[in-house]
Amino acid sequence: MAEKVSGEMSEDSSDSAAAVSQDLRSVLVTSVLNLEKLDKDLYRGTHHWVPRTRRLFGGQIIGQALVAAAESVGENVLVHSLHCYFVRAGDPKVPVLYQVERTRDGRSFSVRSVKAIQYGQPILICQASFHSNQPSPLQHQFTMPSVPPPEDLLTGEELIQLYLSKPDLAEKAKQGLNKLLADEVPIEIKPVNPPDFYRCVAMEPKKLYWVRAKGHIGKGDMKLHCCVAAYVSDYSFLDTALLPYPGQRATFLASLDHAMWFHNTFRADEWMLYETESSWTGGSRGLVQGRLWRRDGVLAASCAQEGVLRVKALTTSAVTNESKL
């Protein structure tokens with residue numbers, strides 16, 4: 001994928017493109033997850049979206065690490081799980097080197113270890129396991145939540161515009177919302193149960209939203225769709241643990257580790273339902289689990305992450321000012 005990411009197109013007639021012009025291709029394909037091969041099992045990645053923390057987005061590092069790992073396995077094996085540790089904050093001003101170790105190749109499973117390196121030190125350590133598909137009479141899954149279809153919901157950007165249209169919106173709130181609009185995130189989100197932007201009300205630590213990559217990817221490369229899903233899985237994931245605490249403001253949020261299991265084929269450029277919930281917080285840490293569902297109710301992937309959550313109490317006046325419309 002490192003050298004194929006921007007060039008592969010599906011041969012399916014519905015995707016044939018000469019059919020899709022380059023400017024319609026997802027930036028996740030053409031830039032964000034596109035790596036430069038430097039040597040055997042050594043790649044370099046650059047960065048195109050930096051969150052307001054000014055640190056590298058963890059989902060991008062996971063996605064790029066998986067791109068590098070997938071380059072070292074055969075065409076007929078797909079990732080079924082990955083486990084990552086974030087060990088240092090990433091610097092968005094310099095590229096990241098991805099060094100792949102071919103840990104094991106078995107008859108059914110292959111394991112790869114990847115180090116993402118900046119300034120000579122690892123910022124992420126990732127292990128990914130790949131599996132050749134095997135039929136099995138054992139098949140079960142949870143039931144997908146019943147939610148409105150994405151066509152009936154507003155995007156995150158449209159929800160922000162709705163708030164901005166209120167005539168009595170406080171100036172400070174307006175500035176914050178405009179900063180959110182300015183973020184050029186390469187994925188599209190439609191919340192099912194959008195939280196109040198001002199976090200005035202305690203909510204159950206659970207979120208539901210439809211998500212897909214912006215732009216076209218196509219059916220051609222399931223490995224690539226898994227890499228895009230790894231990118232998507234980390235977006236606004238840890239925030240789920242903060243929903244029950246409207247009187248607390250996060251002063252520091254950072255992912256510690258991230259795990260993902262891939263269950264069925266899917267397309268990351270088509271709407272999937274992302275269900276996230278936090279089962280525990282304590283010790284300035286929080287645990288969040290997630291499930292990615294295809295529109296037809298098939299469970300595509302499961303995720304889990306623990307992260308650092310450092311907060312401070314908002315004063316009564318601060319809560320009032322931040323929530324004023």
Side-chain angles (χ1 to χ4, degrees), residues 51-53 58-59 142-148 150 152-166 168-181 183 185 187 189-211 232-258 273-293 302-325:
R52 284 174 294 161
T53 61
F142 283 175
T143 301
M144 177 179 169
S146 179
V147 299
D152 293 348
L153 300 170
L154 298 176
T155 65
E157 290 84 356
E158 288 168 337
L159 285 167
I160 292 173
Q161 293 285 9
L162 195 61
Y163 272 88
L164 287 171
S165 68
K166 296 180 180 294
D168 53 351
L169 184 67
E171 185 59 33
K172 184 178 179 181
K174 189 180 297 185
Q175 291 174 3
L177 292 172
N178 278 315
K179 284 180 182 178
L180 287 174
L181 274 182
D183 284 346
V185 185
I187 57 178
I189 288 174
K190 290 192 172 185
V192 175
N193 57 339
D196 176 23
F197 276 110
Y198 310 101
R199 297 185 56 237
C200 301
V201 179
M203 297 180 65
E204 181 185 6
K206 184 169 183 175
K207 289 196 291 189
L208 290 161
Y209 55 87
W210 292 99
V211 61
V232 167
S233 69
D234 190 39
Y235 186 76
S236 194
F237 196 28
L238 195 55
D239 293 352
T240 309
L242 295 175
L243 292 177
Y245 308 102
Q248 302 287 333
R249 181 173 66 84
T251 58
F252 183 80
L253 268 70
S255 305
L256 292 171
D257 59 359
H258 190 94
L273 182 69
Y274 198 13
E275 176 188 14
T276 72
E277 56 187 345
S278 176
S279 57
W280 173 86
T281 57
S284 293
R285 305 192 318 277
L287 179 67
V288 184
Q289 292 97 17
R291 288 183 282 271
L292 270 170
W293 301 90
S302 301
C303 317
Q305 182 178 108
E306 188 180 45
V308 177
L309 297 170
R310 295 191 181 123
V311 298
K312 74 174 184 179
L314 289 170
T315 64
T316 304
S317 60
V319 173
T320 303
N321 289 338
E322 288 192 11
S323 62
K324 182 180 177 182
L325 292 181

Output, in order, the C-alpha distance, side-chain angles, deciding distance and verdict of side-chain contact (heavy atoms from CB on, under 4.5 Å) for Val211 and Leu292.
CA-CA 9 Å; Val211 61; Leu292 270 170; 4.1 Å; yes
side-chain contact (heavy atoms from CB on, under 4.5 Å) between Ser236 and Lys207: does it pass, once the steps are laid out?
CA-CA 10 Å; Ser236 194; Lys207 289 196 291 189; 2.8 Å; yes
Please determine whether side-chain hydrogen bond (donor to acceptor under 3.5 Å, both in side chains) holds for the pair Ser302 and Gln289, giving the CA-CA distance in whole Å, both sets of side-chain angles, and the decisive distance to 0.1 Å.
CA-CA 8 Å; Ser302 301; Gln289 292 97 17; over 6 Å; no
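Using the six-membered ring where Trp is involved, Tyr274 and Phe237 have ring planes that are parallel, under 30° apart on the 30 and 60° scheme.
Side-chain atoms of Leu153 and Val147, non-hydrogen and from C-beta on, never get closer than 4.5 Å to each other. Between Leu242 and Val311 there is a side-chain heavy-atom pair separated by less than 4.5 Å. In this structure the side chain of Phe252 never reaches within 4.5 angstrom of the side chain of Lys312, judged on heavy atoms. Taking 4.5 Å as the limit, every side-chain heavy atom of Pro191 sits out of range of all side-chain heavy atoms of Leu208. Considering only heavy atoms from C-beta on, Pro246 stays 4.5 Å or farther from Val201 through its side chain. Residues Leu309 and Arg285 have side chains not in contact (no heavy-atom distance under 4.5 Å, counting atoms from C-beta outward). In this structure, Met144 and Leu273 have side chains that are in contact, with non-hydrogen atoms separated by less than 4.5 Å. Two residues are said to be in side-chain contact when any heavy atoms from C-beta on lie closer than 4.5 Å; Gln161 and Leu164 meet this criterion.
In terms of the salt bridge (charged side-chain N to carboxylate O under 4.0 Å, His left out) criterion, Arg310 has no residue partners (sequence neighbours excluded). With sequence neighbours left out, Glu275 forms a salt bridge (charged side-chain N to carboxylate O under 4.0 Å, His left out) with Lys206, Arg291.
Asp257 and Gln305 share no donor-acceptor pair across their side chains, judged by distance under 3.5 Å alone. Side chains of Thr281 and Tyr245: a donor on one and an acceptor on the other come within 3.5 Å. Judged purely by distance below 3.5 Å, without hydrogens or angles, the side chains of Thr240 and Ser278 never pair a donor atom with an acceptor atom.
Considering every non-hydrogen atom in both Gly59 and Asp234, the closest pair reads N-OD2, 2.9 Å. Residues Cys303 and Ser233 share a closest heavy-atom pair of SG-CB, 3.7 Å.
In this structure, the separation between CD1 on Ile189 and CG on Leu154 is 14.0 Å, given to the nearest 0.5 Å.
Side-chain atoms of Trp210 come within 3.5 Å of backbone N or O of Pro148 as a donor-acceptor pair.
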